[in-house]
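Structure record follows, encoded as structure tokens.
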Amino acid sequence: MTQSTTRSRKFKAILAGGIVLGVGAAVTLAAWTDNEWAEGTFGAGSFNVQGSTNGTDFTDHTSADGAANLTFDLDGGDNLTPGDTVAAPFVLRLDGETSYDASVVLENAAGSGGNAEALTYGIVSVANAGACSADATGTSIVPAGTAIGSVAGAQGFDLTAGADAAAGAPVTLCFQVTASDSLTQGQAATAQWQFTATSAE
């Protein structure tokens with residue numbers, strides 16, 4: 001082996017070693033990491049609508065079985081004759097724990113009994129329970145002459161939540177029920193109405 005061949009091999013071996021050392025140095029460089037964390041806590045507000053038949057005593061009526069019993073004038077609506085119109089108030093408000101305003105719609109209406117088809121109704125919004133009468137006028141919620149089991153033409157309305165744990169402003173609905181000429185003597189009828197309130201953002 002010649003001297004120049006030996007030098008060439010030594011040079012390549014040194015060069016190769018340098019390359020390996022260079023790669024090793026690159027791999028061992030330090031790296032820094034840092035972390036940031038965030039969290040949120042979420043609470044739910046409250047939402048509850050109450051009803052009253054007199055505008056003073058409010059409670060929940062959450063099912064058909066627990067429906068508020070409206071007291072109609074003219075001996076409670078028990079002595080109707082054809083052409084009579086009787087009235088009764090129903091007052092809605094948001095309770096003091098409620099955090100949001102509400103939009104309210106008359107969702108369902110139902111009538112049963114022998115004289116159900118002989119009755120029509122309308123609902124107007126009036127100032128208070130004492131202002132509800134057979135001839136009361138106000139903002140129309142359901143047009144007069146609507147069949148007992150219908151919600152055709154019903155208009156929605158709003159309820160406003162109170163401030164500082166106070167109950168919201170009440171809205172008084174005046175139900176006006178009219179007997180037609182087809183009213184049958186001695187027969188009875190029952191009507192139920194379901195209002196649905198949806199919280200507003």
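All figures in this text were calculated on a predicted structure; none of them were measured in a lab. Worth knowing before you read on, the calculation uses all heavy atoms, side chains too, and leaves out hydrogens, waters and symmetry mates.
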Would you say Ile123 and Phe90 are hydrophobically clustered, going by side-chain heavy atoms of ILVMFWY under 4.5 Å? yes

Nearest-0.5 Å distance, CD of residue Gln50 to CG of residue Leu159: 11.0 Å

I'd like to know if the side chain of Asp135 pairs up with that of Ser133 as donor and acceptor (distance under 3.5 Å, no hydrogens or angles considered). yes

In terms of heavy-atom contacts, Ala200 and Tyr100 come closest through O-CB, 3.7 Å

Treating Gln176 as the side-chain partner and Val86 as the backbone partner, does any N or O pair qualify as donor plus acceptor under 3.5 Å? no

Hey, what do you get for OG1 (Thr172) to CG (Asn128), rounding to the nearest 0.5 Å? 6.0 Å

Euclidean distance, Phe58 CZ relative to Leu94 CG, rounded to 0.5 Å: 10.5 Å

Are any of the side-chain heavy atoms of His61 and Thr59 separated by less than 4.5 Å? yes

Working for side-chain contact (heavy atoms from CB on, under 4.5 Å), residues Leu173 and Ile141: CA-CA 8 Å; Leu173 305 177; Ile141 304 299; 4.0 Å; yes

Indicate, with yes or no, if Tyr121 and Leu119 share a hydrophobic cluster defined by side-chain heavy-atom contacts under 4.5 Å among Ile, Leu, Val, Met, Phe, Trp and Tyr. yes

Phe195 vs Phe157 aromatic rings, parallel, tilted or perpendicular, using cut-offs 30° and 60°? perpendicular

Between Ser180 and Ala118 (side chain of the first, backbone of the second, donor and acceptor by atom type, cut-off under 3.5 Å), is there such a pair? yes

Can Leu106 be reached from Val171 by stepping across I, L, V, M, F, W or Y side chains whose heavy atoms are under 4.5 Å apart? yes

State whether the side chain of Ser99 and the backbone N or O of Ser46 hold a donor-acceptor pair below 3.5 Å, judged by distance alone. yes

Do Val151 and Val105 share a hydrophobic cluster, counting only Ile, Leu, Val, Met, Phe, Trp and Tyr and linking them when any side-chain heavy atoms are less than 4.5 Å apart? no

N/O donor-acceptor pair under 3.5 Å between Thr98 side chain and Asn48 backbone: yes

Here the gap from Thr85 atom OG1 to Phe175 atom CZ, rounded to the nearest 0.5 Å, amounts to 15.0 Å

Ignoring hydrogens and geometry, is there a side-chain-to-backbone donor-acceptor pair from Thr146 to Pro143 under 3.5 Å? yes

Working to the nearest 0.5 Å, report the span between OG1 of Thr81 and CG of Asp181. 10.0 Å

Smallest separation among heavy atoms of Ala116 and Gly111, with atom names: CB-C, 3.9 Å

Spell out, as yes or no, whether a donor-acceptor pair under 3.5 Å connects the side chain of Asp101 to the backbone of Ala161. yes

Sub-4.5 Å side-chain heavy-atom contact between Leu70 and Thr53: yes

Got Thr137 and Val126 here, is their nearest side-chain heavy-atom distance under 4.5 Å? no

So, for Ala134 and Ala87, which heavy atoms are closest and what is the spacing to 0.1 Å? N-CB, 3.5 Å

Asn54 side chain to Ser52 side chain, donor-acceptor N/O pair below 3.5 angstrom: yes

May I ask you to test the Thr196-Gln194 pair for a side-chain heavy-atom distance under 4.5 Å? yes

How close do Ala197 and Ala102 get, counting heavy atoms only, and between which atoms? CB-CB, 4.3 Å

More than 12 heavy atoms of other residues, nucleotides or ligands under 6.0 Å from CD of Glu117: is that the case? no

How close do Thr178 and Gly83 get, heavy atom to heavy atom, and via which atoms? CG2-O, 4.4 Å

I need the Leu80 CG to Thr184 OG1 distance, nearest 0.5 Å. 12.0 Å

Under a 4.5 Å side-chain heavy-atom rule over Ile, Leu, Val, Met, Phe, Trp and Tyr, are Val142 and Leu92 clustered together? yes

If you take all heavy atoms of Ala64 and Gln192, which pair is closest and at what distance? O-NE2, 3.0 Å

Over 12 non-hydrogen atoms of neighbours within 6.0 angstrom of CD in Gln187: yes

Please lay out, stage by stage, how Trp32 and Asp34 fare under the test side-chain contact (heavy atoms from CB on, under 4.5 Å). CA-CA 7 Å; Trp32 291 285; Asp34 188 16; over 6 Å; no

